[in-house]
Amino acid sequence: MTASRTITTVTVVGAGYMGGGIAQSLALAGFSVEIVDVDVEASIKGLQRLLEEAQQFEDQGLYATGSTATIKANMTAGRTLEEAVAEVDFIEEAVIEDPQVKREVLGRISEHAREDAIIGTNTSTIPVSVLAPAVRFPERFLTVHFSNPAPFIPGVELVSGKATTPDVVTAVKELLARADREGAEVADTPGMVLNRLQYALLKEAANVVEEGIATPEDVDTIVRTTFGFRLGFFGPFAIADQAGLDVYAKGFHTLREAYGERLAAPQVLLDNVEADRHGVKNSKGWTGDFDDDTKAALIAYRNKAYAKMGELIRELGPAPQGRK
Ligand SMILES: NC(=O)c1ccc[n+]([C@@H]2O[C@H](COP(=O)([O-])OP(=O)(O)OC[C@H]3O[C@@H](n4cnc5c(N)ncnc54)[C@H](O)[C@@H]3O)[C@@H](O)[C@H]2O)c1
C-alpha cells in the first residue's frame, strides 16, 4: 500500500441504475470517471444515456447550468473492465445484487487494478465478509452503499470488512465529501442500518394496516406529514432529545402494556432518564449537553427547517400516485 490515498480517478463497474447515478455524481464533482458494463457497446450506450439524463436534469433546473458539459468532460467509456480498472485510484462495483456475479466481477477487478487501488461495492444487502474473499488484497475493500436515486440522495453507508484498513475508509470519506455526500460507518451486518430501520418501519406499517388501525394511504399520510417531516433534518436520537427522554420513557410504558416486550423502552433510554438526562429541555440529552445558546440556535434551526419544508411541499404539490 502506498502512503497517499487521495482519490482523483474512478472506474464504476456496472453502469446501470445505481452505477450510472454514482458515476454521474462523481464526474459532476470533478473526478475523472470511467464506466464499464457487460461489454464495450453497453458501456458506450450507458455513457450516452447518462449524458442525456444529465441534460434533462439541467433543463429541469435540478443540475446547475453547465453540469452536463462538466460530466461530459469528466466521464468516459469504451474500454474493457481490465483496461478501465488498471490505473485508477478507486473502483466502485455496482453490478446486479447476486453474490456469485459480484464475486466474479470483484475478483477480476482486484486482479487487474493497482495493488493500492481502493475497491468499493454498492451492495445493499450482501455482507462484506461474503464478498471480501473474492478480492485480492481485501484490506483495500469495503462497501460504499449509495442510495437511490444516487444523483440526489446524499447519504452513503460505509462498511469495513475484517481486513479493511482505516486509511481506506478515510480516503472514501474524503471522496464523498468532495461530491457533497455524507458517509457514515456501520458494522458488517445484514441490512446494515438503512435497510434494517426502513424494513422495520414497513413491517410495523403493514401490521397497523393488517390490524385494521389505518389504511395504507392514511399510514403514508401520517408518516410523511408528522415524524417523516422531521427526518430530513434530525435522526431518531436527536428527535428524542427534542421531545424529551422522560416523555419517551412514559410512551414506551404504554406501548409495552399494549404490545409486550417488543415495544418496551430500551434500557439505555431508561438509564438516561435515571441519570437525569431528559433531553434538550433540561440541557442534558442522549446526543450531548446543550447550553442556552445552542438550545436557542437548535430551536431556530428546527423552526426554519420545518417552515421551509412546508413551503417546498406546497410548491411541489402532492406526489403522483398509482391508480387503484
Ligand atoms: N436500485 C436500487 O434502489 C439500489 C439502491 C442501493 C443499492 N443498490 C445496489 O446497487 C447494485 C446495482 O443495482 P442497480 O439497481 O443499479 O441494478 P441495474 O440492473 O440497474 O444495474 C446493474 C448493471 O450491472 C451490469 N452488469 C451485470 N453484470 C455485469 C458484469 N459481469 N460486468 C459488468 N457489468 C455488469 C448490468 O448490465 C447493469 O447495467 C446492486 O448491488 C444493488 O443491490 C440498488
Side-chain angles (χ1 to χ4, degrees), residues 10-27 33-54 75-86 88 90-113 117 119-132 134-136 141-159 161 172 175-176 179 181-186 188-199 201-202 319:
V10 177
T11 292
V12 177
V13 178
Y17 189 52
M18 289 304 294
I22 294 165
Q24 206 183 60
S25 307
L26 296 179
V33 181
E34 178 157 1
I35 55 169
V36 174
D37 210 89
V38 277
D39 54 32
V40 167
E41 199 187 331
S43 309
I44 292 171
K45 269 196 187 150
L47 175 60
Q48 196 52 42
R49 175 181 64 79
L50 290 169
L51 292 175
E52 284 166 14
E53 186 188 65
M75 208 195 295
T76 57
R79 296 195 295 172
T80 63
L81 181 150
E82 287 72 11
E83 292 164 343
V85 303
V88 292
F90 175 58
I91 300 124
E92 172 79 340
E93 169 278 304
V95 303
I96 53 171
E97 188 76 352
D98 177 324
Q100 215 127 306
V101 174
K102 282 197 184 291
R103 285 168 65 101
E104 189 273 323
V105 170
L106 286 165
R108 274 167 66 210
I109 291 171
S110 59
E111 190 65 35
H112 294 276
I119 301 174
T121 171
N122 194 49
T123 180
S124 28
T125 55
I126 307 167
V128 178
S129 59
V130 171
L131 299 175
V135 178
R136 195 164 151 254
F141 177 63
L142 76 171
T143 293
V144 183
H145 178 216
F146 286 79
S147 264
N148 167 28
F152 304 115
I153 303 275
V156 180
E157 283 185 305
L158 300 175
V159 189
V172 173
L175 163 129
L176 295 172
R181 304 300 151 113
E182 220 173 321
E185 282 181 75
V186 311
D188 191 20
T189 47
M192 299 180 258
V193 171
L194 188 169
N195 281 324
R196 183 163 165 190
L197 292 180
Q198 199 169 242
Y199 279 47
L201 175 61
L202 180 61

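Order of listing sets the numbers, starting from 1, for every ligand and every atom in it.
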Can you pull out the closest protein heavy atom to atom 31 (N) of ligand 1? Residue, atom name and distance to 0.1 Å, please. V105 CG2, 3.3 Å

Does some side-chain heavy atom of V33 sit less than 4.5 Å from a side-chain heavy atom of F90? no

for atom 28 (N) of ligand 1, nearest protein heavy atom and its distance come out as V38 CG1, 3.9 Å

Element-labelled atoms of ligand 1 that are located less than 4.0 Å from some non-hydrogen atom of T123: 41 (O)

What is the closest protein heavy atom to atom 18 (P) of ligand 1, and at what distance does it sit? Y17 N, 4.0 Å

So which heavy atom in the protein is nearest atom 5 (C) of ligand 1, and how far is it from that ligand atom? M18 SD, 3.6 Å

Quick check on side-chain contact (heavy atoms from CB on, under 4.5 Å): which of V144, L106, V135, V85 does E93 satisfy it with? L106

Taking all atoms of both residues into account, what is the closest heavy-atom pair of V172 and L158, and its distance? CG1-CD2, 3.8 Å

Polar contacts were defined as any N/O atom of the residue lying under 3.5 Å from an N/O atom of the ligand; does this apply to E104 and ligand 1? no

What residue and atom, counting heavy atoms only, is the protein's closest point to atom 39 (O) of ligand 1, and at what distance? D37 OD1, 2.7 Å

Hey, could you give me the NZ/CG distance between K45 and D37, rounded to the nearest 0.5 Å? 10.5 Å

Look at atom CZ of R49 and say whether more than 12 heavy atoms of other residues, nucleotides or ligands are closer to it than 6.0 Å. yes

With a cutoff of 4.0 Å, is E93 in contact with ligand 1, counting heavy atoms of the residue only? no

Which atom names give the shortest non-hydrogen contact between Q24 and P151, and what distance separates them? OE1-CG, 3.5 Å

With a sphere of 6.0 Å drawn around CD of E97, does it hold more than 12 non-hydrogen atoms of other residues, nucleotides or ligands? yes

How far is atom 41 (O) of ligand 1 from its nearest protein heavy atom, and which residue and atom is that? E97 OE1, 2.5 Å

Over 12 foreign heavy atoms within 6.0 Å of CD, E82: yes

Could you tell me the separation between the OG atom of S124 and the CD atom of Q198, rounded to the nearest 0.5 Å? 10.5 Å

Of all heavy-atom pairs between R79 and A84, which one has the smallest distance, and what is that distance? NH2-CA, 3.9 Å

Quick check on atom 16 (O) of ligand 1 - does any protein heavy atom sit closer than 4.0 Å to it? yes

Pull out every atom of ligand 1 sitting under 4.0 Å from any heavy atom of F146, numbered as shown with elements. 6 (C), 7 (C)

Consider ligand 1: state whether an atom of it lies below 4.0 angstrom from any non-hydrogen atom of A42. no

Check whether any N or O atom of N148, backbone or side chain, sits under 3.5 Å from an N or O atom of ligand 1, and answer yes or no. yes

Enumerate the atoms of ligand 1 whose separation from the nearest heavy atom of K102 is less than 4.0 angstrom. 40 (C), 41 (O)

Kindly check if the number of other-residue, nucleotide or ligand heavy atoms within 6.0 Å of CZ (F152) is above 12? yes

Atoms of ligand 1 close to H145 [distance to a heavy atom under 4.0 angstrom, numbered from 1]: 6 (C), 7 (C)

Just need the protein heavy atom nearest to atom 35 (C) of ligand 1, so name the residue and atom and give the distance. V95 CG1, 3.4 Å

Which residue and heavy atom of the protein sit nearest atom 22 (C) of ligand 1, plus the separation: A94 O, 3.7 Å

